[in-house]
2 protein chains.
Amino acid sequence: MLNELCLPVGMSHNDVIKLDELIKERIRLSKGSALFHLGDHAEAIYAIRSGSIKTQLEDATGQVQITGFLLPGELIGMDGLLNYEQTSHAIALEDSEVCVMRLEDMDRLSMHMPSLQQQFRRLMSKEINRSHRLVMSLGSLRSEQRLAAFLLNLSHRLSALGYSSTDFILRMSREEIGNYLGLTLETVSRLFSRFAREGLIRIQQREIKLLDYQALQALSGSDCGD
Amino acid sequence: MLNELCLPVGMSHNDVIKLDELIKERIRLSKGSALFHLGDHAEAIYAIRSGSIKTQLEDATGQVQITGFLLPGELIGMDGLLNYEQTSHAIALEDSEVCVMRLEDMDRLSMHMPSLQQQFRRLMSKEINRSHRLVMSLGSLRSEQRLAAFLLNLSHRLSALGYSSTDFILRMSREEIGNYLGLTLETVSRLFSRFAREGLIRIQQREIKLLDYQALQALSGSDCGD
DNA sequence: CGCATCGTTGACATAACTCAACGGCTGTGG
DNA sequence: CCACAGCCGTTGAGTTATGTCAACGATGCG
């Protein structure tokens, strides 16, 4: 059952071994299906083993806001721990697999392993930082800067997983990118076209190639996030 | 040294007693001074005892994004736990006092008290949710909705502290409100004027009175957050 | 192979920004 | 305690980035 792909990128091997003890179950998700919905009882957090998953809030009026596109090694469900009730939906962007880490197992294990809870505290802090950077992007950047930063951020994370940092597939639609970045799908589409015209990227449907990394960094404000 | 005002609102009395053991030190901050700066070593988190504090990110270009206005009972510094280095600035909006909770004390105590770490996990989850709601506000709402939601959120939190939910003082400038909401100070000023003209609020400088709570809720999309 | 979804592009509308001028607090130092 | 300076807030006029509506083309799923 143990598998390094379940583990948050950047963990020491020591911590990996501890976390592996937590993972007793995996869940397969087909494209478009939900790992959990808003309101579900939250009794575990999930590490993506393969695939990709979006998380989205939904308010009383049905308005949706995507808060993240998660890749292998990243964790989902930490926003549900406040009242052990999910506050967002988690939906697979492609066929995916996640590892389940039950809270009760975590609590039991961390009693004897202080480093586990410290590690988990760091991961929750990371999630807070991720969200804060998104706030900064939405609050302070113009559309072209947001999209450039988004592409660089994806590139960075895929690269850390051993994939190409310049050639990858966007697993989400223009509408989903727009929702995430606080833009309309038309604006996203136009920006992709413009970036391509200006030689920054090449794009064909969801296949993207970053041609001028530096120019994208300059555009985004050199803040590629993580 | 023990004081209930240091404690996150909504905690059980039992947990309060535990947390009180953590608080060995308090810090007084005069208006405009910083509790910590970006890059500072993070070895504690802080609970506001009195006053109010803003937290803000700052990117390489000096661009600032305010991510929160914190009130008594609320916690600061959870975003710095990733690498034990602050990722934001925390600046007092008025003369304030905070309680210091050292990480090493927390780790020591929580070893014998599983409920402490569970409690802390919940508080970090709450911070993630807070940030997610801000993302939703910035990504999905129009300016008038953002400001209405902001006022209702403040009202809600002040009310939980025992203050009036309809009459209060804005401790932050128009510019700070605008920065937080992804708007310019002029837009904020115009919206206040318009809300007043329409009978939703009365405002004189930083003194505000909410006259039509329901209309504000309808405007904001009934999402007053927390 | 056909239909539904997704993506592109254009024309137009508008919410929010920018720049500018001015008035009123507030707090400080003489 | 008063006068002044600097900041803060308001308001207006004009601009612009981004949204809206609409038509069409491309993909890929069933």
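The structure displayed is predicted, hence computed values, not measured ones. Just so you know, these numbers use all the heavy atoms, side chains as well, and skip hydrogens, waters and symmetry mates. Labels below follow one simple rule: chain letters A, B, ... track the order of the sequence lines, proteins then strands, and each chain is numbered from 1.
For B:E186 against C:dC19, a side-chain-to-base donor-acceptor contact under 3.5 Å is present. A:R190 contributes a side-chain N or O that forms a donor-acceptor pair with the base of C:dG10 under 3.5 Å.
We find that CD of B:E207 is positioned 18 Å from P of C:dG24, with the value rounded to whole Å. Atom CZ of B:R206 is separated from atom C1' of D:dC8 by 7 Å (rounded to the nearest Å). Across the protein-nucleic acid pair, B:Q205 atom CD and D:dT10 atom C1' stand 10 Å apart, rounded to whole Å. In this structure, B:N179 atom CG and D:dG9 atom C1' are separated by 17 Å, rounded to whole Å. The CG-P distance, from B:D95 to C:dG27, rounds to 11 Å in whole Å. If you take CZ of B:R194 and C1' of C:dA15, they are 10 Å apart, rounded to a whole angstrom. Following rounding to the nearest Å, A:K31 (NZ) and C:dT5 (C1') show an atom-to-atom distance of 11 Å. The distance from atom CD of B:E176 to atom P of D:dC8 is 8 Å, rounded to the nearest whole Å.
Looking at A:E58 and A:H89, their side chains do bring a donor and an acceptor atom within 3.5 Å of each other. A side-chain donor-acceptor contact under 3.5 Å links B:Q65 and A:S140. Side chains of A:N129 and B:T87: a donor on one and an acceptor on the other come within 3.5 Å.
In the displayed structure, B:R202 atom CZ is contacted under 6.0 Å by at most 12 heavy atoms of other residues, nucleotides or ligands.
Remark: B:S143 is in phosphate contact with C:dA16, judged by side-chain N or O atoms under 4.0 Å from OP1 or OP2. Phosphate proximity of C:dC17 to B:T187: present, with a side-chain N or O under 4.0 Å from OP1 or OP2. Contact check, A:S189 against C:dG7: no side-chain N or O comes under 4.0 Å of OP1 or OP2. Within the 4.0 Å cut-off from OP1 or OP2 of C:dA16, not a single side-chain nitrogen or oxygen of B:T184 is found.
In this structure, the ring of A:F168 has its center no less than 6.0 angstrom from the ring center of A:Y163.
Here the nucleotide nearest the side chain of A:L185, chosen from C:dG7, C:dC17, C:dT8, is C:dT8. The side chain of B:R142 lies closest to C:dA16 when the candidates are C:dT8, D:dT11, C:dA16. The side chain of B:R174 approaches D:dG9 more closely than any other nucleotide in the set D:dG9, C:dC6, C:dC17.
Using a 4.0 Å heavy-atom criterion, one finds that A:G182 contacts the sugar-phosphate atoms exclusively.
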